[in-house]
Amino acid sequence: MNEEINKAIQILKEGGLILYPTDTVWGIGCDATNPEAVKKVYQLKQREDSKALICLVTDDRMLKKYVKSIPEAALTIIDVADKPTTIIYDDAQNLAPNLIAEDGSIAIRIPDDEFCYQLSRRLNGALVSTSANISGFPTPKSFKEIAPEVLKGVDYVVNLQREKTCANPSSIIKLSNSGVVKIIRK
């Protein structure tokens, strides 16, 4: 695993895209602070850049680097969630501007996955994590379902967990600073 992390980190630091296994599905990733890399993700997915992408961070300490104010409910949800849960926070900061939604929010997950944890830790920052598909097409459940144009469109494909059949994408909850909670995806 260490060798794969080293190779992926090199690509990420150069502004490239990686294809990697996450705690949910295979993802397309890049350095979440690099606007040019984020732009490449939108181009590869053929997705409007007005539709925000999800980021992964290592822990709540790293989360504070990217969100001005973390609602208390978020920390409770992170602690008690029994499946991967992405939370949309208001007031994103220190991320590529084209990654932040028009309303200033950002979707972030703390994955329960050693590879993703180490990748984000070694990058020392947030990592974009969006499903490895072209927008409008189904999310691939396994590596073999990933479309050839996605495989060709990244700079590095992580050589781990290629036989794994993935679970569903994460749940998504929007927590506004005003206390409003909205379930986006169960």
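Treat the numbers as computed from the prediction; the structure is a model and nothing was measured.
The two residues T24 and P84 make their nearest non-hydrogen contact at CG2-CB, 3.4 Å. Here the closest non-hydrogen pair linking L12 and C30 is CD2-CA, 3.5 Å. The two residues V57 and P111 come nearest to each other via the heavy atoms O-CD, 3.2 Å. Among all heavy-atom pairs drawn from P21 and L160, the shortest one is CG-O, 3.8 Å. The nearest pair of heavy atoms linking R109 to T85 is CG-O, 3.4 Å. Considering all non-hydrogen atoms of both residues, Y66 and N94 come closest at CE2-O, 3.3 Å.
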Verdict with supporting geometry, D113 and L56, side-chain contact (heavy atoms from CB on, under 4.5 Å)
CA-CA 11 Å; D113 177 86; L56 302 181; over 6 Å; no
Evaluate the side-chain contact (heavy atoms from CB on, under 4.5 Å) criterion for residues T33 and K65: first the C-alpha distance (whole Å), next the side-chain angles of each, then the deciding distance (0.1 Å), finally the verdict.
CA-CA 11 Å; T33 64; K65 188 172 165 181; over 6 Å; no
Dump the intermediate steps for side-chain contact (heavy atoms from CB on, under 4.5 Å) on E4 and M1, then the final yes or no.
CA-CA 5 Å; E4 289 302 311; M1 181 165 71; 5.5 Å; no
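A distance of 8.0 Å separates CG of N124 from NZ of K13, quoted to the nearest 0.5 Å. To the nearest 0.5 Å, atom OG of residue S131 and atom CD1 of residue I28 are 7.0 Å apart. To the nearest 0.5 angstrom, N2 atom CG is 8.0 Å from Q118 atom CD. With rounding to the nearest 0.5 Å, the separation of CD1 in I88 from NZ in K174 is 6.0 Å. A distance of 9.0 Å separates OG in S129 from CD1 in I18, rounded to the nearest 0.5 Å. The OG atom of S171 sits 9.5 Å away from the NZ atom of K186 when rounded to the nearest 0.5 Å.
When atom types are taken as modelled, the side chain of K68 and the backbone of D90 share no donor-acceptor pair closer than 3.5 angstrom. A donor-acceptor pair under 3.5 Å links the side-chain atoms of S120 to the main chain of G125, judged by distance alone. Looking at D60, its side chain never comes within 3.5 Å of a backbone N or O of L63 through a donor-acceptor pair. In this structure a side-chain-to-backbone donor-acceptor pair under 3.5 Å is missing from Q46 to S135. Although no hydrogens or angles enter the test, the distance criterion places no donor-acceptor pair under 3.5 Å between the side chain of R47 and the main chain of G136.
For the pair F143/V157, a side-chain contact is recorded, criterion being any heavy-atom separation below 4.5 Å from C-beta on. Counting only heavy atoms from C-beta outward, the side chains of Q43 and L17 never approach each other to under 4.5 Å. Side-chain contact check for V150 versus N133: every heavy-atom pair is 4.5 Å or farther apart.
Follow the hydrophobic side-chain contacts under 4.5 Å out from Y117 and you never reach L119; the two are in separate clusters. There is a path of hydrophobic side-chain contacts, each under 4.5 Å, that joins Y20 to Y156. Put simply, I70 and I100 are part of the same group of oily side chains (I, L, V, M, F, W, Y) that touch within less than 4.5 Å, one to the next. One hydrophobic cluster holds both I87 and V128 under the rule that ILVMFWY side chains link at heavy-atom gaps under 4.5 Å. I5 and L19 are members of different hydrophobic clusters when ILVMFWY side chains are connected at heavy-atom separations under 4.5 Å.
Here the rule is side chain to side chain contact (heavy atoms under 4.5 Å, CB included) with V67, and of I106, N177, D91 only I106 fits it. Of the candidates I108, L127, T130, C55 forms a side chain to side chain contact (heavy atoms under 4.5 Å, CB included) with just one, namely I108.
A 6.0 Å sphere centred on NZ of K39 holds no more than 12 heavy atoms belonging to other residues, nucleotides or ligands.
Classification of K7 and E3 as a salt-bridged pair holds, one side-chain N sitting under 4.0 Å from a carboxylate O.
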